[in-house]
2 protein chains.
Amino acid sequence: MVKKQLIMEKSLELFAESGFEATSIQQITERCGISKGAFYLHFKSKDELIYSLIDKFMSEFIADIERSVSEDKPKEELLYNFLYTTFGEFQQQANFAKVFLKEQVLSFNKELFERFHMYTTIINKIIFSVVQRQFKDVNLNMQLDLLFTINGLSKGYGELFLIDNYNVDLDKLCKAIVEKVTIIAEHATIQFITPDYFASTNQHMNITKEQIVDLMIEVMGEVEQDSIVHESLVLLRNHLIEPTLSDVLIEGLLKNIRSSSQCKWIAYLYQIQLEQKK
Amino acid sequence: MVKKQLIMEKSLELFAESGFEATSIQQITERCGISKGAFYLHFKSKDELIYSLIDKFMSEFIADIERSVSEDKPKEELLYNFLYTTFGEFQQQANFAKVFLKEQVLSFNKELFERFHMYTTIINKIIFSVVQRQFKDVNLNMQLDLLFTINGLSKGYGELFLIDNYNVDLDKLCKAIVEKVTIIAEHATIQFITPDYFASTNQHMNITKEQIVDLMIEVMGEVEQDSIVHESLVLLRNHLIEPTLSDVLIEGLLKNIRSSSQCKWIAYLYQIQLEQKK
DNA sequence: TATAATAATGACTAATTGGTCAGTTGTCAA
DNA sequence: TTGACAACTGACCAATTAGTCATTATTATA
């Protein structure tokens, strides 16, 4: 399994240097010092490699920021914590950050696009929960504007990290952004974003039950037999084909599989599917 | 010449759909209903096509925003004008905007990257001149932070334009951003950006005199003989090989060639070259 | 040491790429 | 009608791509 790690590391380097599409499997195997065949022992395709990379890094990243803004943290430090963790990760995983930034803006591969969409949706939800707690006196629509403001400022200042060797004082950067957001929360009056925006972002997911079942069967082959994750997948699959279980049971099963990074994606699609059914 | 137009339009469509690298010349010629050979009558290579597209759209775009924030405009409307023109163009040239956003973030092709770098530098200079005029009481370092704030908010809210069919009230959007920037200009105290950042952004240009001369000779072949642009190019080229003219004369000649969209890029490189010499 | 199982190889395929160029077509003026 | 010139064509080329698979090397077990 150590070779799989090697492939992921080296390919990430190459993707950061020249982009995903422009990097060939030849190049990856050469840099790893392995043969082409060995690559396909670990990944079914080039696409699967990038999905693995994204899932691995993003689920770690999300776990980190979730921890940094958890319920027990002081309310007035939430935004600072979020930013500090985000930029810290950004700095540490510079290669992944580059790939993410590049491919995320507009990913033309549909599956890739939807994966990115999921992760940004999750992150947006986290930011919004931060806003709701730290700026709870602000009204809903302005909270949505704060979400956009935070996203925007992060992107604007985030560019500094793309300059090699430019040393950023993380603490000061985060304080500068927190100050700006706080000032806007206190003084701004024009609310631009309305909740229907969020309704519109989730609509362009059009995935069939069959596609999800296929995905589940695929992952079931990779997951340890008789584990909680595996059994949960079986039950969820059966429920999708022939609904038998109550909402609360499904909720628990989804929590079960979300503990595996390979399944986060499935859990997300599954939930959307259920919501559409209603 | 009408066929060249056709190629540029259709290829832009395709680039917006699938990205520059993923679009083949086959696809372009098919959509245009022309042969492969015909393509190469108008463009020396695939790269030259994208350079043309970028130069065409960006020089028009920059001319537009320069007009919208010119000296004669009321100081308190400058930022609004800039945003309104920017987003308006964004909406109108949705295809180009998509390509620009996608390729701009991190362009792995060196020449492409430097071209984008030039245009974003020019735009940053325009934004900064807006800030200096509209927020002239703010101190220099905070003005730099305002530049980052404007860029960030534009990026954050700009995402709304990437959702198809999402109708944006341009006027309200611009007012919402102007209000936020104004509030920050009045209340913010933490200054993060320092002028040395801008010094560092211009350093990673490493272009030789010979490369610039080659570029100039190339463009001289495409430009009308005996025109002001052509003669200016000749004089500038001679000066680069064997300096004879005074700074002020060079300044004027550069202004001459900047009137041609094909030469903006050359003028930019030329100026950097001269600055490095000193 | 012999056997079975697993890991790894790299020549191979079929498809696609950007780019070329000998040849065809269309359009003028003479 | 002729001939000159430009516009245009598409078969062709060498290089590269993702992915396959018969073969070989390595390791573990008996």
dT17(D) OP1/OP2 closer than 4.0 Å to side-chain N/O of S24(A): yes
Pair E111(A) + R115(A): basic N to acidic O under 4.0 Å: yes
Whichever of A38(A) and K46(B) has its nearest DNA chain C nucleotide further upstream toward 5': A38(A)
Which nucleotide in dA8(C), dG19(C), dT9(D) has an atom nearest any side-chain atom of S45(B): dG19(C)
Residue Q26(A), side-chain atoms from C-beta onward, closest of dG19(C), dT17(D), dT9(C): dT17(D)
Sidechain N-carboxylate O distance under 4.0 Å for E17(A), R31(A): yes
Per I25(A) side chain, nearest of listed nucleotides dT9(C), dT9(D), dG19(D): dG19(D)
K98(A) NZ/CZ over F15(A) ring centroid, <6.0 Å and within 45° of normal: no
Proximal nucleotide (of dT20(C), dC8(D), dT17(D)) relative to the K36(B) side chain: dT20(C)
Closest to side chain of Y40(A), choosing from dT9(D), dA18(D), dT20(C): dA18(D)
Between S45(A) and E48(A), a side-chain donor and acceptor under 3.5 Å: no
Distance below 4.0 Å between K3(B) side-chain N/O and dC8(D) OP1 or OP2: yes
